[in-house]
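So that the names make sense, note that chain A is the first sequence line, chain B the second, and so on, each numbered from 1.
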Amino acid sequence: MPGKLKAKIVAGRHLPVMDRASDLTDAFVEVKFGNTTFKTDVYPKSLNPQWNSEWFKFEVDDEDLQDEPLQITVLDHDTYSANDAIGKVYIDIDPLLCSEAATVISGWLPIYDTIHGIRGEINVLVKVDLFNDLNRFRQSSCGVKFFCTTSIPRCYRAVMVHGFVEELVVNEDPEYQWIDRIRTPRASNEARQRLIFLMSGELQRKIGLKVLEMGGNAVVGYLQCFDLEGESGLVVRAIGTACTLEKISTFPATATHPNNSSPSKDMKDSPQAAPSTLGCRSTHSSPVHSASSRLSQGFSVSVPTLLFAGMKPRHRSSEVPRARQCRPGFGEEAPGVPLSSGPPTPLRAQTFSSFSPSKSYSRQSSSSDTELSLTPKTGMGSGGSAGKEAGPLKALLRQQTQSALEQREYPFFTLTAFPPGFLLHVGGVVSARSVKLLDRIHNPALGNTRSYKLLDWNSFTADEPETRDAWWEEIRQEIKSHAKALGCHAVVGYSESTSICEEVCILSASGTAAVLSSRFMQDGPLDTEHRLSRQPLCVFSTGSERVEGDMGSSASLGFEEVVSPGCGFCHIPYDELNIPFPAQLTYCYCCRRYKVPDVLFTTIDLPTEANVTGKGCLIQARLCRTKKKAQGEGNATAISSLLPFLEYELHTQLMNKLKLRGMNALFGLRIQISVGETMLLGLASATGVYLTALPSPGGIQIAGKTPSDITYEQHISTMQKKINDTIDKNKELYEINPPEVVEEIIGSPIPEPRQRSRLFRSHSESSDEVSELDLSHGKKDAFVLEIDDTDAVEDIHALLTDSPTPAGFYSCNTEIMPGIQNWTSAIQMFTSVRVFRLNANLTNQGLNKIFSDLCENLLKSLYFKLRSMVPCCLCHLNFTVAIPEDELIQVAVTAVAMSFDKEQPLENGKQSGEKTLIKAITENDEQLQFNLELNAETSSHNPLSSPKGLSEVGSHLSARASSLEKASPLPEGRSRSLRSNRSYSGSSVAVVKMTPLSFIPGAKIIKYLGIINMFFIRETSSLREEGGVSGFLHTFIAEVFAMVRAHVAALGGNAVVSYSMKECVFMENPNKNQAQCLINVSGDAVIFVRESELESTSVQTQSATTHTSNGGEGT
Amino acid sequence: MRLHGTHIKLTERSLYSVDVKMSVELDVFVGNTTIMDKEVYQLWLNGYTVNDAVKVRIEGGVMEECEASAEVLLSDTMDQYRTFQMCERLLHHPAKLANQLLFQIPPDRQAMLIERYYAFDDSFVREVLGKKLSKGTKKDLDDVSIKTGITLKSCRRQFDNFKRVFKVVEELKGPLVENIRQHFLLPDQLARDYAAIVFFANHRFETGKKKLQYLTFQDFAFCAGQLINNWTVGAVDNMMEDMDVDLDKEFLQDLKDLKILITDKDLLDQHKNLVCTALRGKTNVFNEMEANFKNLSRGLVNIAAKLINAKDVRDFFIDLVEKFIEPCRSDKLTSIDVNLYLTHYTNSAHILDTFKHHAVWTRYMGVIKSCILRMYHD
């Protein structure tokens, strides 16, 4: 019994009226954990019951603590009939299991019902006593910290980055079980919610075990996803980056804190082979299905999207025919030659991907789970029998360690931002997709029920996770090989996703091929002794401290190359003679020593140290392609054959739009491909920037058909003019005015033969020639679009229909916007969802235009909505597209709008940016005191986690609001705050900020309280009464936000960072007046404090205050 | 699975069509901090339909300002309207707005929402002031709507607000204004106005007669304030845990004793002499005052004596106008004259030998004087 969970039910409020006669409710509460249930007394006739219960105690295994949520059900007592359920609250107690996270959950939590939504609130207290048995501790993965944040969390430093961890769990979807026909929708929804809770708990625990095994203590960039595969089941999968993190202690640590000269305790203490009984991948508790003859058929096609520069030919004239030549091979729908230059992508795809028809029909038999099926898997934790399994599973353990090593062969990192010195070079985007057929479960043998401990009911075997594992393995291998082709040994900014339509599933993975400094990696070439000797330097912290001098020292230590921090990552990692694709290289415009490509695409965030000219902007490529309706294999084949073209066109669009903005690099590239019955949607979003190190992009030139009449030529020339004007306008708008480079100055310094032996970089005599050529091309070169091609016309249309962002607005899909530093504290996170119905049979072009327009319109709406925050930037704009039904397109956007201060002069360096930011914040002195208190304590233990602290935060937020009203100086602000406190004394709701970013401007995150991972289902059978589909979804999203905020507040937090809405599945049936929606959100609960330096001079930054007050208050 | 079924296209389901090829079925925007546009809120409160609101906004020039299209405006307006509708439930119990979890609204915004929701049109309130807040009255609101030009929707909201406040404070003890302020988190002035409305509705004061048409709501609200502060039980005894809504029965009973001022011939003459002595030479309408003294005095005292009957309470204002204000006006008294007259009229009574009811007289005349002065205008 390594843990004792204690819960106390304090009170309820705003309960719904359950007894029509008295207009009151006789409420009581059931508290359930695992199989144990406690009940409170009935509190009769009240809508605001005060139960004030005793402490309900559950003595449980810690792995149960990890897997199970605490389930609180509020019911209405009925003497004569069955008690009516009012609603439920699921509490994830994981944050309480980690000593560094929250210590207590206490607060008002919304009571949620899947049919009625939020029905009042309940005040609870939850605590966990973990017995300090370290050994036992390691059996579960309690204590492993999880972060959604895709960078090293702000108050930690990374001692070691261990690498990729992944896991998936499969189960049958309760919604598709036979029992669903006889139970109520509520019961079905609740079963589903609970199951997903359990599955994600289990998944997290298993990932935690892997982390412990690798010697880590945390998972950063934890990305958990659901695949609702319908009848073939429900997959919960997660990927992340295992790290050893160390809390930055008392002093505002600099990057080289002496304190860390010894390797982290965790690493030393945890033996690799912790006697884990449950960590094996193979112990998915699904007994092997007897129907092993069932085949899962996979259709695999993958298009590596090796996106880097160099599509430009050296001899344009010869290029065109060549490109044409290859076209027929791709059927009549093949893309034209929008790029007059280099061979189009499909060709490249052939060159280095596993895209070959023969391979794509790979058949795998599910009997691959072989020996694993022989091990008994019955008792898996149920009834605490877990310990007994240790023996039989030892064999598996060995296997497991082995597999863990194999895992490390995926040098993947879900991180998108890195400690300085970690990311050496970036090769380009690598991605792989594969089309699979989900097989249906054919009449599962009845005798084969399993006692999946997570389930209340007996369920039949779902698909074995091994199949899904194998699918992903395939893709990861492919990604790895693509990275290798780019001369890179690692993939960063890695993510995986799926799109499912009926039985077809597209699996996608993408990342950025990169060369990393080996010093953070355990099994890198510079192993232990290096690591130890350099320990002080290996340690880095994030946040504002990050900037300090680590770069210099890393360089001085003689790492592979001595590079300037601002351009090093742009230098090509691959051998310039064996470039796997035609690229045009030049010498770096910053250091003039290494080669850089002319365009760089990445999936990561812009490195903080990067040299950037001007500002960035969101760039989207949108594509919609019709597809014939088909079934099964035919369908999969059709999709497979469409995919390469889709991707190719997306890339062309991206490239054109990038050039149109006069930029040369994309960050945060995310390509989403969505499959529907009659169409495929592709949406690529990225943030374009002008990297100073890269050459200036050439313009876009339109070429017409050779023989043509005058009007046609005129048409072309007007088009050309339009494009040129747009480029000029954009350059002005984004302040892109790179310093004129006198190219001759360089005199092509021949670099020393490089030490990068690993990459077999043969430095040959031809480099001179290449560089000469590059220089001559420089910026004169233009992208050529041929107008006689329908696709090209489309492209041009797409180019020119993108309307510029309204004045005062900027947008990006990355964490930070290059060129903007002086954020104010006004932030507004939002989610917007739209569903469009296509009313007519449309051609590809028509569809395309519509899709593009609707994305544009959505953006316009967002700008309009947020106009009061100007000047502001929409950061982390995350678009998700789906095809919920034939002829329906769903677009969901989550982002944060952040105001910034225009008047402040742009200073370079993040530090100064943050300083100005602090200045821009207006706070009252009440808050100042509060901060001082914190600082006095210095240790980052949380004085805030008490409810009192929270309410304080809440109250000074309200105070702030009122003080902002009139940009008043401090003393007045205080009196105002008193007044406002008085008049709203009834308010007990703490303000909780939400943001998809990993930071909060003007504030310092002092504590991470744990991961928030919530899944909700909402259903209605009175759609019209609830305001139609919009009313229904609006309420639901608001409810989800409310529940996230409440749970964060109960943990003692005042913000959620790295928030994302990972799933929003909406289904409607208006004829039955019904709708259903599933939403999955995640993020990191944190405590932040406002930067306390309040210089009197800065408070009067009038403009800042007016902005914030206009901004309708920060989130 | 339950939701999968055959799909019949219903064109009216779509929110709006962008063009022939595409229509928007669902369009929501949810901010962590609920975004509310004051202008749209006002349009919603005024009962404009979405389309009308969009028209108003277009005319207001917001489109040019923000480079938006009509479609964007429509989407935004619908979204805001939906938000307001969702909030409306909470606005009915403003205290809930502060500790609900669904919408994160900064306190100053909350105050704005409440204040504007409970704000009303003077022209509307004039129509229903003193009427029973019943279903019957609500049914007549379409007439009110036509008469005042205020949309029926807005009329209904205002009426429901009155009724809601009335119902809540009806059962509460303690000072009326304070109760309203605390329960509905209204600013002071608005709370006072509601107190007046509740008070008028409770006593069913007649305000609709033609002769009273010249009076504004603020005139009545002022008078109501006077009555509440001086003539109710709470007015004299703060410790009394009684309601502010009802007039002090004892006081009303005592008012009957004032009749002696007009029934006793000597007293009446004495009173007249005292007043006339005091007034002589101070006004140029002295003669009219002297001539009318008995008439006016009878009028005021009779009003006092009748107040014990609930039915006559209703006619309080019409009586004041008919018995006092109109005679004065026909004599062309200025409000300075009226003030002078009433001051002396009140004070002189205290000098009368046989008149013993000084306290009641002061309490009565204080209110009468301020009410008349407030009501004495064109």
Can we say [X] and [Y] salt-bridge, meaning some charged N sits less than 4.0 Å from an Asp/Glu carboxylate O?
| X | Y | value |
| --- | --- | --- |
| B/Asp160 | B/Arg157 | no |
| A/Arg867 | B/Asp37 | yes |
| B/Asp52 | B/Lys55 | yes |

Q: May I ask you to check whether over 12 heavy atoms, not counting those of B/Tyr48, lie within 6.0 Å of atom OH?
A: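 Counting neighbours around OH of B/Tyr48, 12 or fewer heavy atoms of other residues, nucleotides or ligands fall under 6.0 Å, so no.
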Looking at chain A, which one of [options] has the largest number of heavy-atom pairs inside 4.5 Å, strictly under?
| options | value |
| --- | --- |
| B/Asp79, B/Leu101, B/Ile105 | B/Leu101 |
| B/His93, B/Arg57, B/Gln182, B/Met36 | B/Arg57 |
| B/Ile35, B/Val72, B/Val62 | B/Val72 |

Q: Specify whether A/Tyr1059 and A/Phe1041 have parallel, tilted or perpendicular ring planes, treating 30° as the upper limit for parallel and 60° as the lower limit for perpendicular.
A: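 The arrangement is perpendicular - the two ring planes meet at more than 60°.
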Q.
With a 4.5 angstrom heavy-atom cut-off, is it the side chain or the backbone of A/Phe1066 that approaches chain B, or both, or neither?
A. side chain
Q. By a 4.5 Å heavy-atom criterion (distance strictly below it), what part of A/Ala1046 contacts chain B: side chain, backbone, both, or neither?
A. side chain
**Q.** Residue, of A/Glu1039, A/Arg1024, A/His14, A/Lys860, that accumulates the most heavy atom pairs under 4.5 Å with chain B
**A.** A/His14
Q. Where on B/Thr83 is there a heavy atom nearer than 4.5 Å to chain A: the side chain, the backbone, both, or neither?
A. both
